[in-house]
Amino acid sequence: MSSGEATANVEGVTIANGKVEKIEKYSISLKLGRIRNNLVKLQKETVSGWEDINEGDDLLKIDDPLFTGKLRIIVEDNTSLRYVSGRWPSRGDFYSLNSRVLNSILNFSIPLRLEVRKYHNDRQERVEDVKAVISIIDPREDIEHVNGIFNTSELSRSFIKEFNQNIASQPQCSDNCPKDLAPSILEGRCRGSNGVVETASMRGLITASMRDSRRRPTVTYGNNEVSIDSGWSYEMMFHSEEEVDEYLIFNIEFKPPFILGDNYKLRISLRSLSNEPLPLKSSSGEAQQFYETPPITIWRMVKINLIIQNDINLYDKIDWDTVRKAYEDSYIEVDIPQKNSNRVHVVPIDEWINYLDRFVYSEWRRSAWNRFRSQQNQQLQQDLRNYSFPQKLTITQLTYTGSTTYLLGNSLRGISIGDIFIEGVTNGLSKTYMVNTDFRVLGSPNNREIRWLPEGLKPDVGTAFTIYSRLAPEKDRRPADREILTNLTKGVVEHYIMSHSNAERCFYILICRPPSNDPSIAGRYVLRVRGRGAAFVTIREERSPVVNAHFFIHELGHGLFLKHGVVEFVENYESNTGNNVFECIAVEAGIGGPYWELHDSEHVTSCVMSYPIRLIHSVHDEEYSILKPSIDRCFCGVCLLLLRFYDEERLRRSIALRKIQYSLREGGSIKIAYTPLNTVKPISREESNLYILSNPILNSQILNMNIDEEYIVFALYPMEEIRSREGDKIGIFKDISTSSFRLGETVARGKWGRGANIRGRWKIMNPNATDPNTAVEVANENRVIEVSEHELEDEVRVARIKAVREGSNKLYFGIEGVDDQGQTRYIWSLPLTINVSIPPPDMVITEEEAYGEEANK
């Protein structure tokens, strides 16, 4: 008999330590049983990639020289976003509502067979009943897994690192998702906030299996462990007359919650019936106290089928490696078919024309389509080599003589007036003239006429102008045009599913050329396509494969329940004068967003779920050029958590997240910018929902106002330092007040914007106050300004201040957060001191005095 300390590896994988106390030693095997769920696989990572673990393989002794030491459970889950009662649900809510249908995904299990053998001087002996104790270990996440392929991934990695530190319990340092952040349908198998997997949770995490058992099992549950007290089955295998393999077996089911990135080790030790620890064999022959599996991480597989418009080469216009790596950061493997596989379907041009006829032009612009298809078929074929839609029906061409009215007869019969546009030349430059802005269409359907408006643009005298009818959707922001893209995608995918008996339940992506030369239409996620997720993604020749991949990632992200980040940022170069530099304003109406709290405050601009940045350059007084710089995008840290299946609502309310969000953790200060109310205007008639502000003031901390003057104020969070792919530095402030408004503790008319939800508020204090946390807010009757909301077009609301009495106040904007003890605290902006005065009587003039006859106009 010998004793001593021992630390050893079992087959180079299992770590163990303990004392050698007896000559008798035991060995343990933990073998994979038969997984009956075809959506679930247990895999090992090798230097060449992930490979399946075979039934009967021992997880404690993986004999593969290429094994990297990592295991994963990967579950194929193609569940996609669908509206519930007319609203966009969170993933947790949707899965809960559909838990019966999704049971095989939510409650998957890994069958494991525990085998125990006994040795005396290396000779195998019969095993008497023993106790096996299986403990759950939560290894720390390898944060380097979040690496993406761009520099912006560093922001995601630092976010996950800090978030994990916030949720890590002591002393275990567990960083798996705690139950208070998990969806309610999964919380029963999650650890507590103290890092302990409590007894009740252990009952769901590891269960005794009656499969192949001959005796009724007795299992005792405790915190972080389960003890198999009895119910072992005994097996004996004769390899020869002298070699007999005798062992005890016990079948268990491992049922971890379906939260991606959570990882586990199963640590197994043996005890005698009198509860004494039993020594275990190691590869060195010494004794050890336990065996341990390699870390087992939870992954998800999302399967893609592709339908491609009339050109297989569109497949190569997307950088698929970028798509895969973007999702791997959230432990999602996107299964993308190879170019020539049967999961890639190319639609011939004649079939595509039939799709357009059935799903687009069955009612919408039917008359123009029929005329175009019959009279201009050659142009139709040419259009569909460059676009996914025909572009325009040429109706007639006329010469502008200076006259106001031009007769068209019945040439517009069946065509909607709103679909008419005219192209011509004004001041030697090509122009597109807009109905009801430059001209009107009057008369009866059989006797139409064009009448040019006095205030609108007109062609040069003696030049030709051509009248067209539109056949392609123009702006993705227009509901009617969005519906057209939805109908096309839905129709094509449903037709494909119904005509292919082997159509799989997975995500279907319709890859097309752009509908027109309008760059605003890049993609669209479509709901309710026979239980499948479907998206429309356009491929533009001028975009790089990486940029095309961004749009693919964005639309698939919607299918996986992610919401928009910032809708669009607008940088106004016109106002960069002196010290009053105003580098950004985000005042554009957006579809379903921005959802400020659901994206990392330090990474939202370059998050792939945000819309592209648009740089506005002033050409002259009324014209602007709009540029979209190429920026490498990836998922922000909050997106990664939501993709991993952290519960959206619980995450938003959590201390762990609120300690990080809007905490100025990257430095800088929140500043208040302001501009006179009457300077806000659309940037152009073509961009009516994109606003430009004339000379807004940012760096001045004093605003002098006269009674009854009105200004718009913006609270701007510090810029993210972003570089375009060309190397240009792009500084973008984040306007966090336009979509969020709280005066005191009352939200004005609910939350501002569509889905905006920053916990922010304006606070008005005396001019001598220095600490907004302790200073008392000025009473309403003593305030020199009133703060209210001002609605621009398209439901965009901003904060408006009006000077109401003489005196001075300080204005702050604060974002609600929490301190290290979980107590509410505010992150405050720099103050804006507002001085209100009454102008002398001789300075007060009427509009007529100021503008003369123009006032009457």
Side-chain angles (χ1 to χ4, degrees), residues 304-318 320 336-395 419 468-474 476 481-500 503 508-519 521-524 526 529 532 534-543 545 548 551-552 555:
I304 303 293
N305 272 14
L306 301 176
I307 301 175
I308 299 177
Q309 176 208 348
N310 72 38
D311 186 354
I312 187 60
N313 292 322
L314 292 181
Y315 180 98
D316 298 321
K317 301 297 183 181
I318 296 178
W320 298 111
I336 299 165
Q338 294 298 312
K339 184 175 181 178
N340 297 317
S341 78
N342 59 6
R343 286 165 50 203
V344 176
H345 180 71
V346 180
V347 182
I349 193 167
D350 290 340
E351 185 178 343
W352 186 259
I353 291 172
N354 290 333
Y355 284 151
L356 292 173
D357 187 68
R358 290 179 57 186
F359 306 127
V360 174
Y361 301 113
S362 59
E363 296 180 4
W364 185 70
R365 301 179 181 174
R366 182 71 183 178
S367 179
W369 162 253
N370 286 338
R371 195 185 306 182
F372 184 78
R373 190 176 181 184
S374 62
Q375 298 176 5
Q376 301 177 31
N377 186 262
Q378 185 175 355
Q379 184 62 47
L380 172 61
Q381 300 283 329
Q382 180 61 40
D383 283 351
L384 294 182
R385 291 186 182 92
N386 299 305
Y387 304 102
S388 53
F389 285 76
Q391 297 304 286
K392 56 191 179 184
L393 167 69
T394 303
I395 296 173
D419 296 337
Y468 298 97
S469 173
R470 302 182 193 275
L471 285 167
E474 301 167 79
D476 192 34
D481 290 354
R482 290 200 302 271
E483 193 65 23
I484 293 306
L485 299 180
T486 297
N487 292 343
L488 177 62
T489 306
K490 189 174 180 179
V492 172
V493 173
E494 285 187 345
H495 183 264
Y496 175 86
I497 292 171
M498 294 180 67
S499 60
H500 290 74
Y508 285 82
I509 310 296
L510 179 59
I511 300 177
C512 301
R513 297 193 181 281
S516 67
N517 61 0
D518 176 10
I521 302 177
R524 179 155 178 77
V526 179
V529 186
R532 277 83 163 176
F536 175 91
V537 177
T538 67
I539 303 298
R540 290 186 176 273
E541 295 292 339
E542 67 270 21
R543 290 199 304 240
N548 285 325
F551 291 107
F552 186 100
E555 299 306 333

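Quick note: residue numbers are just sequence positions, from 1.
Between Pro473 and Ser516, the shortest heavy-atom distance links the atoms O-OG, 3.7 Å. What you find for Pro390 and Leu380 is that their closest heavy atoms are CB-CD1, 3.8 Å. The shortest non-hydrogen separation linking Ile349 to Leu384 is CD1-CB, 3.9 Å. Residues Ile312 and Val346 approach most closely at CD1-CG2, 3.6 Å, considering heavy atoms. Here the closest heavy-atom approach between residue Asn386 and residue Pro514 is recorded as O-CD, 4.0 Å.
A donor-acceptor pair under 3.5 Å links the side-chain atoms of Trp352 to the main chain of Ser388, judged by distance alone. The closest donor-acceptor contact from the side chain of Gln391 to the backbone of Phe389 lies under 3.5 Å. Looking at Asn548, its side chain never comes within 3.5 Å of a backbone N or O of Ile539 through a donor-acceptor pair.
Looking only at side-chain heavy atoms (C-beta outward), Val493 and Phe536 stay at 4.5 Å or farther from each other. Counting heavy atoms from C-beta outward, Ile353 and Arg373 have side chains that approach closer than 4.5 Å. For the pair Leu488/Leu356, a side-chain contact is recorded, criterion being any heavy-atom separation below 4.5 Å from C-beta on. Between Asn370 and Ser367 there is no side-chain heavy-atom pair separated by less than 4.5 Å. Residues Thr538 and Pro515 are in side-chain contact: their nearest non-hydrogen atoms beyond the backbone lie under 4.5 Å apart.
In this structure Arg365 satisfies the side-chain hydrogen bond (donor to acceptor under 3.5 Å, both in side chains) test together with Asp419, sequence neighbours excluded. Every residue two or more places apart in sequence or in another chain was checked for a side-chain hydrogen bond (donor to acceptor under 3.5 Å, both in side chains) with Ser469, and none qualifies. Arg358 meets the side-chain hydrogen bond (donor to acceptor under 3.5 Å, both in side chains) test with no other residue; sequence neighbours excluded. Residues forming a side-chain hydrogen bond (donor to acceptor under 3.5 Å, both in side chains) with Gln381 (at least two apart in sequence, or on another chain): none. Residues satisfying the ring-ring contact (aromatic ring centres under 6.0 Å, His included) criterion with Tyr496, sequence neighbours excluded, are His345, His500, Tyr508.
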Exercise for the section: Check step by step if side-chain contact (heavy atoms from CB on, under 4.5 Å) holds for Lys490 and Val529. Expected result: CA-CA 6 Å; Lys490 189 174 180 179; Val529 186; 4.1 Å; yes
Exercise for the section: Please report the C-alpha distance between Ile304 and Trp320 in whole Å, then the side-chain angles of each, then the deciding distance to 0.1 Å, and finally whether the side-chain contact (heavy atoms from CB on, under 4.5 Å) criterion is met. Expected result: CA-CA 12 Å; Ile304 303 293; Trp320 298 111; 5.8 Å; no
Handout entry: Verdict with reasoning, Asn517 to Tyr387, per side-chain contact (heavy atoms from CB on, under 4.5 Å)
Key = CA-CA 8 Å; Asn517 61 0; Tyr387 304 102; 3.9 Å; yes
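Ion pairing of Glu541 with Arg513 is present here, as a side-chain N (NZ or NE/NH1/NH2) and a carboxylate O approach within less than 4.0 Å.
Within the structure, every pair that satisfies the ring pair (Phe, Tyr, Trp, His ring centres under 6.0 Å) test and touches residues 363-384, not counting sequence neighbours, is listed here: Tyr361-Trp364, Tyr361-Trp369.
In Glu542, the CD atom is crowded: over 12 heavy atoms of neighbouring residues, nucleotides or ligands sit closer than 6.0 Å.
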